[in-house]
Amino acid sequence: MDKISQALTNRGMTLDIINSVTQLESKRRSFLVTLEDMRHQRNVVSDEIAALKKSGGNADQFIQDMRVLSKQIKDTETELSNLETELDAIQYSLPNIPHESVPIGKDSAENPIIKKMGTPKIVDCEPLPHWTLGEQLGILDFERATKITGARFPLYFNAGARLERALINFMLDTHTQHHGYKETLPPFIVNRQSLTTTGQLPKFELDLFKLEQWEYYLVPTAEVPVTNIHYNEILDETQLPITYVAYTPCFRSEAGSYGRDTRGLIRQHQFNKVELVKLVAPETSYQELETLLQDAEKILQLLELPYQVVLLCTGDIGFSSAKTYDIEVWMPSQGVYREISSCSNFEAFQARRGSIRFRKQGKKGTDFVHTLNGSGLAVGRTFAAILENYQNKDGSVTIPTLLQPYMNGLQRIERP
RNA sequence: GGAGAGGUGGCCGAGCGGUUGAAGGCGCCGCUCUCGAAAAGCGGUAUCCUUUUAAAAAGAGGAUCGUGGGUUCGAAACCCACCCUCUCCGCCA
């Protein structure tokens, strides 16, 4: 409990929440005990009544008494379930506890840089932002997209549409053929439970697009449908680790970020992403996080894009995560590294909420699996990074070598 | 959208409202038999929670037969709503 308190304080939370949880919990337990006693009593007497009736005796007195007891049971059940609702509400709003290797800090400024890979190409001209390049090349059209929907939706044409599709295929192929992930194509609309499992609900409802007539939401990331593939299952130890790669579009309301990244592909309401998801045995999860990170990094290496890896500190780490690495790609026009992947170990946080367990060989009972996921990669941002890092003086963009086969051999996107 | 059928343990499949957590079968595990295997026989084979314990094991208790409510002293069984599956008709990519 002390560890939890400390951890929550590091996340900038107060302690009274913890106190109220402990209080409610002990109250719940005492209700449960009396309730179970009463139910036991009911079961015993019910059997007696049955026996009496069978032997032709009179059970009227028992039935009278039971009527009263039954009423009490019902009342206690109601109180208990109210209590549990209250407890759940608090518990579902508590964030995960950061792993001990996560540095303490208050915001992203305190995230240590773990490594830097690749050197930004010196472009002998002022690098153009990708939205300018995209519009000049006739492959991106943000203005027309607003007519179709509104702000922050992408519209691709020609080699741009092709490049986006090429990236998706390239990433899926790399992860399935070289990293051993199983490809899956899940639903793009999910229910409340799935979002509760992964931690988006109940706390971050405002970040989601919700369907009007249904208790359904557009996926904010493939993490949600894919992690829930094994919702409420008991797996066998021999099945682990389970690793999935999935392409989905992602839909985010981006509430509260209205002034930021208003131009370009960086912050859109809809974007494509290839996601890696793992379900693993607890004792392996931190090794698995490292290989997950490597698998995501590999894409950037193959595309020869400069990037760095940062470790998120306690003040910046996501709600559900115990440890998160961000991969940031070099964006020449802004002269900064921008997040392109986020790789996290959730330990048992999501597994507990989604009741995803496994059975150990020769051992009684079950354990929660550990879940992990990471972008491999955010496709829209990769697209932007390629445009900016591969731009030429004449405004054309070279296609990275490994992508050319996916572009029908195209080596360069030229101005029309 | 219209008409019907159904959802029971790892699987198949019984189940007049009262020792049915659930028959029977299959599968799986253990044992017996065998030089070994098969066959046969015997035994076992869900999950969660509470309580007792320093803890574990074990014990005791509660819950779970799609989900949630209701009727009843008592529900897998009766009633209602919802979800899901299947069949037929219509419509549709």
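Proteins come first, then strands; the chains are lettered A, B, ... in the order of their sequence lines, and each starts at number 1.
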**Q** Look at the side-chain N and O atoms of A:K74 and state whether any lies under 4.0 Å from the OP1 or OP2 oxygen of B:U71.
**A** yes

**Q** Once you apply the 3.5 Å cut-off to both distances, tell me the Watson-Crick or G-U wobble partner of B:U53, or none.
**A** none

**Q** Under a 3.5 Å cut-off for both distances, is B:U64 Watson-Crick or wobble paired, and to whom?
**A** B:A46

**Q** More 5' along RNA chain B: A:V33 or A:Y216, using each one's nearest nucleotide?
**A** A:V33

**Q** Rounded to whole angstroms, how far apart are CD1 on A:I234 and P on B:G10?
**A** 8 Å

**Q** Under 4.0 Å: is that the gap between some side-chain N or O of A:T366 and OP1 or OP2 of B:U47?
**A** no

**Q** Just to confirm, is there a sub-4.0 Å distance from OP1 or OP2 of B:G62 to any side-chain nitrogen or oxygen of A:H40?
**A** yes

**Q** More than 12 non-hydrogen atoms from neighbouring residues, nucleotides or ligands closer than 6.0 Å to CG on A:N408, yes or no?
**A** no

**Q** A:M171 and side-chain contact (heavy atoms from CB on, under 4.5 Å): which single residue from A:I299, A:T176, A:V245 fits?
**A** A:I299

**Q** Report the base-pairing partner of B:C35 (Watson-Crick or G-U wobble, both distances below 3.5 angstrom), or none.
**A** none

**Q** Quick one: is B:G62 close enough that its OP1 or OP2 comes under 4.0 Å of any side-chain N or O from A:R39?
**A** no

**Q** So for atom CZ, which belongs to A:R412, do other residues, nucleotides or ligands contribute more than 12 heavy atoms lying within a distance under 6.0 Å?
**A** yes

**Q** OP1 or OP2 of B:G62 sitting under 4.0 Å from any side-chain N/O of A:R42?
**A** no

**Q** Within the structure shown, what part of the strands sits under 4.0 Å from A:L32 by heavy-atom distance: base, sugar-phosphate, or nothing?
**A** sugar-phosphate

**Q** Who does B:A5 pair with, Watson-Crick or G-U, both distances under 3.5 Å?
**A** B:U85

**Q** May I ask you to say what A:S355 touches in the nucleic acid, namely base, sugar-phosphate or nothing, with a heavy-atom cut-off under 4.0 Å?
**A** nothing

**Q** Between atom CG in A:D47 and atom P in B:G62, what is the gap in whole Å?
**A** 10 Å

**Q** With a non-hydrogen cut-off below 4.0 angstrom, is A:N43 in contact with a base, only sugar-phosphate, or nothing?
**A** sugar-phosphate

**Q** If you count heavy atoms of other groups shown closer than 6.0 angstrom to NZ of A:K210, is the number above 12?
**A** yes

**Q** Would you say a side-chain N or O of A:N232 is under 4.0 Å from OP1 or OP2 of B:U47?
**A** no

**Q** Can any side-chain N or O of A:R252 pair as donor or acceptor with the backbone N or O of A:P220 at less than 3.5 Å?
**A** yes

**Q** Within less than 4.0 Å of OP1 or OP2 of B:C49, is there a side-chain N or O belonging to A:R29?
**A** no

